[in-house]
Amino acid sequence: MSDEKKTVREEKLLRLKEDLNINPYPARCLESMSIDEIRDAGETEDNIVASGRLTGKREHGKTVFADLRDGTGSIQLYLGRKVLSDRDWSVLNLLDLGDIVQVKGSVFTTRTGELTVKCEGMELLSKSLKQLPVVKVDAEGVAHDEVTDRDFLYRHRCVDLQVNRDSLDRFVKRSRIISALRSYLDSIGFLEVETPVLQPLYGGAAAEPFETMYGSMNQQFYLRIATELYLKRLIAGGIDRVYELGKDFRNEGIDRTHSPEFTQLELYEAYADYSVMMNRFEDMFCAAAEVAGHGDSFVYQGENIDITPPFRRTGFLDSLRKASGEDLFSWEIEDLRRLIDKNGIITQADDRITMLDKLFDHYVARRIQQPTFVIDYPEELSPLAKRKEGASGVTERFEVFIAGLELANAFSEQNNPVLQRKILKEQADASMHRKGELDEDFLYALETGIPPTGGMGIGVDRLVMILTDTGKIRDTILFPHLRRNDQ
RNA sequence: GAGCCGCUAGCUCAGUUGGCAGAGCAUCUGACUUUUAAUCAGAGGGUCGGGGGUUCGAUUCCCCCGCGGCUCACCA
């Protein structure tokens, strides 16, 4: 061991152990009430037990006021020289902010109107050796010295959750939103399943995969970019309502709305189509909004969002035509390029359909504020969707946009195995990476026959962004990826 | 992957036109029996992200590197 100087807290730890014969990390403690329960119960002469982290300490000679916080809330402690035993008073003097303690006592209201535990006994449950940032909130509710260093907070989420109240609230809501999605699907007969994260072939979306060497198989595997092709195998297997809620991985850029590791909900429903998926989306979105504490509307990044169903519907080509004032779908590639340049859109797109998609993003998608189903996408953009009957070149597909964010993507699934094989073959031939490889197992499943099916993918992190008024996807993810910082 | 910005005490930040590095909160000592951003008096605390260069002297100027932030690109 080194002979480095002990920190103040390490000294206190030693004094607790040697001078006071206290175990600073006991294995057991008394059962205690949660702090919100204590608050609900109000004043009482009875002895209650409360446990939590010491987050504030105001010393007044023979009296100390402190703040105790657990996962449910915070309450003030009153610690008096005359009330506490000599031993507890000595322990108190060796406590630091951040220590975890248990107190026993009655509950009263101070003359300033603060509900307070009058402590008669106190036990140290765990000594904190790190001096954490102290965030104080004044009478107007303004937080002082709030920790803002993103790097620090992402690397030490435990600190973020302790000192930044907003952060904890956001992740609690995230959890509740996910529960609400599951409850909805479970309640109408959907079966939750788990499909492989490591896949010998990847598919179901157009994205760069993460690659990994599978040692005992002696083969290259990929982290999934979507669960689609496996869930449809289950539809073929007769699981008529199926969903998976889990991580997908796309080896692409990180920005405000993209995380390479993200959470997606994919659901498939046999004997349904994309219009049923619209209803499912509305139902789930409203259920999630409710558990996030919202009514018919809420504010996202300063904009009021009205979530009263039904949500607006607009055609992909119609909306593009209206917004641009031109029938872009019939334009030649040179003219599209000129329009893209004129609008200052920076893109490497060189084919007609990608250019149209870029123009759609520019003219329509990013300007959509209120919940909107953009329906009937061009078939070139939608290889896994069924073509719309009676309309040429479009598919039964929609995406949901709210506040300029793409939240969901759904379609009436292509269940014609002959057409599907043809489309995937053309796509594979055109791709540099896939080298013409088709997912034959998936096609086999289609060839055994699957019913008409509606399917949908929902970006869960983005849903949480919208419902918690969060501007960056990273802030909805507990442990976003960071480079190692070994210094 | 590109451009711009940042990195100073545990936290929030100031500052040095190149000359022993500052504040508030936190910490430590003392005072105080109902405070709540408690107050008052005093004290300690820094490899100024890392490495190199210029210079009598660099935390400050220059170069390289690391990490982060913002914008953009990639992302059916």
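Order of the sequence lines fixes the chain letters, A, B, ..., with proteins taken first and strands second; residue numbering starts at 1 for each chain.
Side-chain proximity of A:Leu384 to B:G68, B:A76, B:U34: nearest is B:A76. Among the nucleotides B:G69, B:A76, B:G68, the one closest to the side chain of A:Arg397 is B:A76.
Counting any heavy atom pair closer than 4.0 Å across all strands shown, A:Asp149 reaches sugar-phosphate atoms only and no base atom. Residue-level contact check: A:Ser382 touches neither bases nor backbone, having no heavy atom under 4.0 Å from any strand. Contacts of A:Arg111 with the nucleic acid, taken as non-hydrogen atoms under 4.0 Å apart, include base atoms. Among the heavy atoms of the strands, none lies under 4.0 Å from A:Ile353. Counting non-hydrogen atoms under 4.0 angstrom, A:Phe360 reaches nothing in the nucleic acid. Among the atoms of the strands shown, none is found under 4.0 Å from any heavy atom of A:Gly80. Contact annotation for A:Arg58: base contact, defined as any heavy-atom pair under 4.0 Å involving a base atom. Across all strands, A:Lys118 comes closer than 4.0 Å to no nucleic acid atom at all (heavy-atom distances).
Under the 6.0 Å distance and 45° angle rule, A:Arg150 counts as a cation-pi partner of A:Tyr154.
To the nearest angstrom, P of B:U71 lies 19 Å from CD1 of A:Ile345. Remark: C1' of B:C75 and CZ of A:Phe262 are 10 Å apart, rounded to the nearest angstrom. In this structure, A:Arg366 places its CZ atom 11 Å from C1' of B:C72, rounding to the nearest Å.
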Check: Step by step, would you call A:Glu406 with A:Arg366 a salt bridge (Lys or Arg N to Asp or Glu O under 4.0 Å)?
Finding: CA-CA 9 Å; A:Glu406 179 197 332; A:Arg366 65 179 53 198; over 6 Å; no
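Residue-to-nucleotide proximity on RNA chain B shows that, of A:Gln76 and A:Val135, the 5′-proximal contact is made by A:Val135. Projected onto RNA chain B by closest heavy-atom contact, A:Arg256 and A:Gly253 fall at different nucleotides, the more 5' of which corresponds to A:Arg256.
Contact annotation: A:Thr148 reaches the phosphate of B:C13 (side-chain N/O to OP1 or OP2, under 4.0 Å). The phosphate of B:C74 has OP1 or OP2 within less than 4.0 Å of a side-chain N or O from A:Lys358.
Scanning atom types as modelled, no donor and acceptor separated by under 3.5 angstrom connect the side chain of A:Glu399 and the base of B:A76.
The separation of B:U34 from B:C20, taken at their P atoms, amounts to 47 Å, rounded to a whole angstrom.
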Next item on the list: Scan nucleotides 25-33 of chain B nucleotide by nucleotide, 5' to 3', and note B when protein non-hydrogen atoms come under 4.0 Å of the base, S if they reach only the sugar-phosphate, - if neither.
Entry: SBSS---BB
Check: In dot-bracket, 5' to 3', how would RNA chain B read with Watson-Crick or G-U wobble pairs under 3.5 Å, [ ] for crossing ones and | for pairs to another strand?
Finding: (((((((..((((.....[..)))).(((((.......))))).....(((((..]....))))))))))))....
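Scanning all heavy atoms of the two residues, the minimum distance from A:Gly80 to A:Trp89 falls at C-CZ3, 3.8 Å.
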